[in-house]
Undergrad: 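I'd like to ask you about the structure that follows.
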Amino acid sequence: MSERSANKEFEIKSVTPRAKDYAQWYNDLVLKSGLADYSAVRGCMVIKPYGYALWENIQRQLDQMFKETGHQNAYFPLFVPKSFLEKEEGHAEGFAKECAVVTHYRLKNDPQHKGKLMVDPEAKLEEELVVRPTSEAVIWNTFKSWIRSYRDLPLLINQWANIVRWEMRTRLFLRTTEFLWQEGHTAHATREEAIEEARRMLHVYADFAEHWLALPVLKGVKTAAERFAGAEDTYCIEVLVQDGKAIQAGTSHFLGQNFAKAFDVTFTNRNNQQEYVWATSWGVSTRLIGTIIMAHGDDHGLILPPRVAPIQLVIIPIARSSQQLEQISQVAHRLKSELTAHQIRVRVDDDPQQKPGWKFTEYELRGVPLRIAIGPRDLEQNTVELARRDTLTKEIVPMEGLSTRIQTLLDDIHHNMYRRVLQFREAHTTYVQSYDEFKKVLTEKGGFIVAHWDGTTETELAIKEETKATIRCIPLDQQPVPGKCIYSGKPSHLQAWFAIAY
RNA sequence: CGGGGUGUGGCGCAGUUGGCUAGCGCGCCACGUUCGGGACGUGGAGGCCGGAGGUUCGAGUCCUCUCACCCCGACCA
C-alpha cells in the first residue's frame with residue numbers, strides 16, 4: 001500500500017479504537033454515525049434524524065407496553081412554580097442544584113446597544129418558574145384535584161417529555177442538559193399495590209431492554225445513598241458496558257406517601273375514611289441510546305439491535321454500467337417491497353455517486369444489522385451476498401426464500417448480541433471476600449464486584465471515597481448469604497453489586 | 001468550579017524568527033472513465049484566520065482582554 005493511500009485509510013476510518021480511548025470512541029460513534037451532534041448550546045445536543053428514528057422505535061414499543069399495563073398518556077407543563085418544588089423536602093433538596101429558573105417573561109430592545117435585546121427588568125415574574133427536572137411536583141399538584149375516592153384509583157399516567165437538569169459535565173446521550181424521556185406517575189390505594197406497580201414497571205423495562213435492545217440487565221434496588229430524591233425505594237436496571245463501568249438504564253420508584261402528604265392528596269376509602277394515596281414514578285430516557293452504543297458497538301462503529309434499528313437491512317447494488325445499475329436496482333427494489341411486506345425495514349442505496357465499498361463501510365459505521373449486495377454474478381445465479389453486522393461475516397445465498405431467512409437472521413443477531421453482552425458481564429462479575437481483593441479487582445479488571453456490605457451509608461460512602469466505586473444495586477432475586485462486610489467486618493447477609501458508574 | 005486542549009472554506013489539518021495573492025487532504029459542483037470492501041482524471045466554487053482592542057510600514061503569526069466548544073475531575077439519570 002502506498003503511503004498516500006495508507007494515510008487516506010487512516011483519515012477515513014477514523015473511529016478511535018476502544019482500546020486507545022474509550023470516551024473518544026464513544027463520541028466518534030455518536031457523531032460519525034449520524035445519531036446526534038453537538039449544538040450551539042452547551043450541554044445540549046441535536047438528535048439527528050437517524051438517532052431520532054431510533055428513539056421513535058424505542059418509544060413506540062415502550063408506549064405499547066405501558067398501554068398494555070393500563071397506563072394512559074397525558075402531558076403536563078414544562079414549568080414548575082418554585083413553591084411546588086419546595087413542597088417535598090427530599091425532592092427539593094435533591095434537585096435544587098441543577099434547576100434552570102425562569103425569572104422574566106419579556107425582552108426588550110437594549111437602548112445602549114442598537115439591535116440588541118435585553119431582559120426587561122419590568123417583566124419580572126412574581127414567582128420564579130423552574131424548568132422541570134422531573135414532573136412529580138406539577139403532577140402531584142394536579143393529582144390532588146383528580147383523586148377523590150378509592151374509585152379514582154389506581155391512577156396510571158405516563159408522559160413523554162423533555163426535561164432539563166443543569167449538570168456540570170455532559171456527555172452525548174448519557175448526560176445532557178436537556179433530554180427526552182418518559183415518566184410514569186401513578187397513585188394507589190395501598191402501599192402493597194404501589195410497590196407492586198413500581199416492581200411491575202421495572203420488569204417492563206427489563207423485558208424491553210432484553211427483548212428489544214438485546215441488553216441483559218441487572219434488576220435491583222438502590223441503597224439509601226443512591227435513592228431518588230423523595231423516594232422510599234428506588235429500583236433500577238443496570239447494564240455493564242465494555243469499559244467495565246455500569247450504567248443505570250432505567251429506574252422505578254416507590255414514593256410511599258411522601259408526595260401525597262406534600263401535596264395533600266387524599267382519597268376516601270371504602271369505609272368512608274380519608275387516607276393519603278401511595279405513589280410511584282418511573283422513567284427511561286434517551287440515555288438508553290448511549291447504553292446501546294456502549295454495550296454493543298465495536299471499532300467499526302455502531303451495532304444496533306435489529307428490533308429497534310431504523311434500517312434493518314440495506315441493499316447495495318453493484319453494477320458496471322448505468323444500464324446494469326438500472327437492471328439491478330429494479331431487482332433490489334422488488335426485493336425491498338417483498339421484504340417490506342414482511343415488516344422488515346429496508347433501504348436500497350442505489351446512489352451512483354458512491355462506490356459499493358464506501359457504502360459497506362458507511363452502513364457498518366451506522367450499525368445496520370444486515371446488508372445485501374447484488375451484483376452481476378448474483379443476477380446470473382439468482383443469489384445475493386448477505387452480510388451480518390454483529391459478526392462481520394458474509395455468505396452467498398439464493399434469492400429464493402430470502403424474507404424468511406432474513407427474519408430468522410435478525411432474530412439470530414438479536415440473540416447473539418444479547419449473549420455477547422451477557423457473557424461479557426459474567427466474565428466481568430467478580431465475587432470478593434476482602435477489601436484488598438475488592439480494590440485489586442476494581443483497578444485490574446473492573447466490572448461488577450459483588451461483596452458483603454454491612455448495610456450502612458457510612459461504609460458505602462467510605463468505599464466510594466476511597467475507590468470511586470458505588471453500590472449499583474442489591475439484586476432483587478438475591479438469596480441472603482451470611483458473611484462479613486468487606487469494609488467494616490461487621491456481620492452481613494447482603495451482597496451488594498459494586499461498580500464504577502456512568 | 002478546578003486542570004488540560006482546541007478555535008484558519010462543510011469536515012480534518014498545515015501555516016517557521018511578523019512579509020507578497022492564506023495553503024493541503026477529504027467533501028461539494030460540472031463532465032468523462034469507473035463500480036464484488038471507503039475509485040480516478042480534468043475543470044470549478046467556496047475564507048472579514050472565534051471576537052474586541054493594541055504594537056507595527058505591514059498581524060493567521062506578537063501583546064492584552066474576552067468568548068465558545070471539547071476532554072479529564074468534583075455533582076448527577
Undergrad: Just by distance, with hydrogens left out, do A:Asp349 and A:Tyr363 show a side-chain donor and acceptor under 3.5 Å apart?
TA: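 Yes, side-chain donor-acceptor contact under 3.5 Å.
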Undergrad: At less than 4.0 Å, is any side-chain N or O atom of A:Arg169 found next to OP1 or OP2 of B:rG73? Yes or no.
TA: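 So the side-chain polar atoms of A:Arg169 do come within 4.0 Å of the phosphate oxygens OP1 or OP2 of B:rG73, strictly under.
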Undergrad: If you go through the side-chain atoms of A:Glu364, does one of them form a donor-acceptor pair with the base of B:rG37 closer than 3.5 Å?
TA: yes
Undergrad: Look through every strand shown and name the nucleotide pairing with B:rG53 as Watson-Crick or G-U wobble, where both distances are under 3.5 Å.
TA: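 The answer is B:rC63, by the H-bond criterion.
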Undergrad: In the structure shown, which nucleotide is the Watson-Crick or G-U wobble counterpart of B:rG18, with both distances under 3.5 Å?
TA: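 Base-paired to nothing in any strand shown.
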Undergrad: Say we look at B:rG23 and B:rC49: how far apart would their C1' atoms be, to the nearest angstrom?
TA: 12 Å
Undergrad: Any carboxylate oxygen within less than 4.0 angstrom of a Lys/Arg side-chain nitrogen, looking at A:Lys219 and A:Asp207?
TA: no
Undergrad: What integer distance in Å separates A:Ile500:CD1 from B:rC76:P?
TA: 15 Å
Undergrad: Between B:rC29 and B:rU64, how far is it from one C1' atom to the other, in whole Å?
TA: 44 Å
Undergrad: OP1 or OP2 of B:rG73 less than 4.0 angstrom from a side-chain nitrogen or oxygen of A:Lys468, does that happen here?
TA: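 No, A:Lys468 has no side-chain N/O under 4.0 Å of OP1/OP2 on B:rG73.
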Undergrad: Would you mind classifying the nucleic acid contact of A:Ile247 as base, sugar-phosphate or nothing, using non-hydrogen atoms under 4.0 angstrom?
TA: nothing
Undergrad: Which whole-number value in Å describes the distance from A:Lys97 NZ to B:rA74 P?
TA: 15 Å
Undergrad: What's A:Thr291 touching, base or sugar-phosphate or nothing? Going by heavy atoms closer than 4.0 Å.
TA: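 No contact.
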Undergrad: Roughly how many Å is it from CG in A:Asp349 to P in B:rC35, rounded to a whole number?
TA: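 Atom-to-atom, A:Asp349 to B:rC35, this comes out as 18 Å.
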Undergrad: Begin with the C-alpha distance, continue with both residues' side-chain angles, and end with the deciding distance and a verdict on ring-ring contact (aromatic ring centres under 6.0 Å, His included) for A:Phe66 and A:Trp282.
TA: CA-CA 11 Å; A:Phe66 297 155; A:Trp282 28 274; 5.2 Å; yes
Undergrad: Rounded to whole angstrom, note down the P distance from B:rG9 over to B:rG5.
TA: 22 Å
Undergrad: Can you check the distance between B:rC28 and B:rG12, where both ends of the measurement are the C1' atom (answer in whole Å)?
TA: 15 Å
Undergrad: Between the base of B:rG37 and the side chain of A:Lys394, is one N or O donor paired with an acceptor at under 3.5 angstrom?
TA: yes
Undergrad: To the nearest Å, give me how far apart CH2 (A:Trp166) and C1' (B:rA74) are.
TA: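 It is 19 Å, rounded to the nearest whole Å.
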Undergrad: For B:rG2, what is the paired nucleotide under Watson-Crick or G-U wobble rules, both distances under 3.5 Å?
TA: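 B:rC72 - that is the nucleotide pairing with B:rG2, both distances being under 3.5 Å.
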Undergrad: Between B:rG51 and B:rC67, how many Å separate the two P atoms, rounded to a whole number?
TA: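 Between the two P atoms, the distance is 15 Å.
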Undergrad: C1' atom, B:rU33 versus B:rC20: distance in rounded Å?
TA: 40 Å
Undergrad: Please work out if A:Ala249 contacts a base, only the sugar-phosphate, or nothing of the nucleic acid, heavy-atom cut-off 4.0 Å.
TA: nothing
Undergrad: Salt bridge or not for A:Glu197 and A:Arg200, using N-O below 4.0 Å?
TA: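 Answer for the salt bridge query: yes.
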Undergrad: Report the distance from atom CH2 of A:Trp25 to atom P of B:rC72, rounded to the nearest whole Å.
TA: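 Interatomic distance, CH2 of A:Trp25 to P of B:rC72: 14 Å.
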Undergrad: Counting the atoms with a prime plus P, OP1 and OP2 as sugar-phosphate, which does A:Pro376 contact under 4.0 Å by heavy atoms, base, sugar-phosphate, or nothing?
TA: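 Base, at least one base heavy atom under 4.0 Å.
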Undergrad: Can you measure A:Glu226 atom CD to B:rC76 atom C1' for me and round it to whole angstrom units?
TA: 10 Å
Undergrad: Given the C1' atoms of B:rC62 and B:rU17, what is the spacing between them in whole Å?
TA: 11 Å
Undergrad: When the P atoms of B:rG50 and B:rC1 are compared, how many Å lie between them, rounded to an integer?
TA: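 Here B:rC1 and B:rG50 have their P atoms 25 Å from each other.
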Undergrad: Taking only the side-chain nitrogens and oxygens of A:Asn27, find out if one of them lies under 4.0 Å from OP1 or OP2 of B:rC71.
TA: yes
Undergrad: Using a 4.5 Å cut-off on heavy atoms from C-beta on, say whether the side chain of A:Glu210 contacts that of A:Tyr418.
TA: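 Side-chain contact under 4.5 Å: yes.
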Undergrad: Rounded to the nearest Å, what distance is computed from the CD1 atom of residue A:Ile315 to the C1' atom of nucleotide B:rC35?
TA: 18 Å
Undergrad: Calculate the interatomic distance between A:Asn162 atom CG and B:rA77 atom C1'; express it in whole Å.
TA: 15 Å
Undergrad: Counting only distance, no hydrogens or angles, is the base of B:rG37 paired donor-acceptor with the side chain of A:Arg371 under 3.5 Å?
TA: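 Donor-acceptor pair under 3.5 Å: yes.
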Undergrad: Quick one: sort the A:Trp212 and A:Phe208 rings into parallel, tilted or perpendicular, breaks at 30° and 60°.
TA: parallel
Undergrad: Does the side chain of A:Tyr38 get closer than 4.0 angstrom to OP1 or OP2 of B:rC71 through an N or O atom?
TA: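 A:Tyr38 to B:rC71 OP1/OP2: side-chain N or O found under 4.0 Å.
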Undergrad: Which nucleotide, if any, forms a Watson-Crick or G-U wobble pair with B:rA39, using both distances under 3.5 Å?
TA: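 Check on B:rA39: paired to B:rU33, both distances under 3.5 Å.
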Undergrad: Heavy atoms only, 4.0 Å cut-off, all strands: where does A:Glu385 land among base, sugar-phosphate and nothing?
TA: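 It contacts base atoms.
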Undergrad: Strictly under 6.0 Å, is that where the ring centroids of A:Phe259 and A:His91 end up?
TA: yes
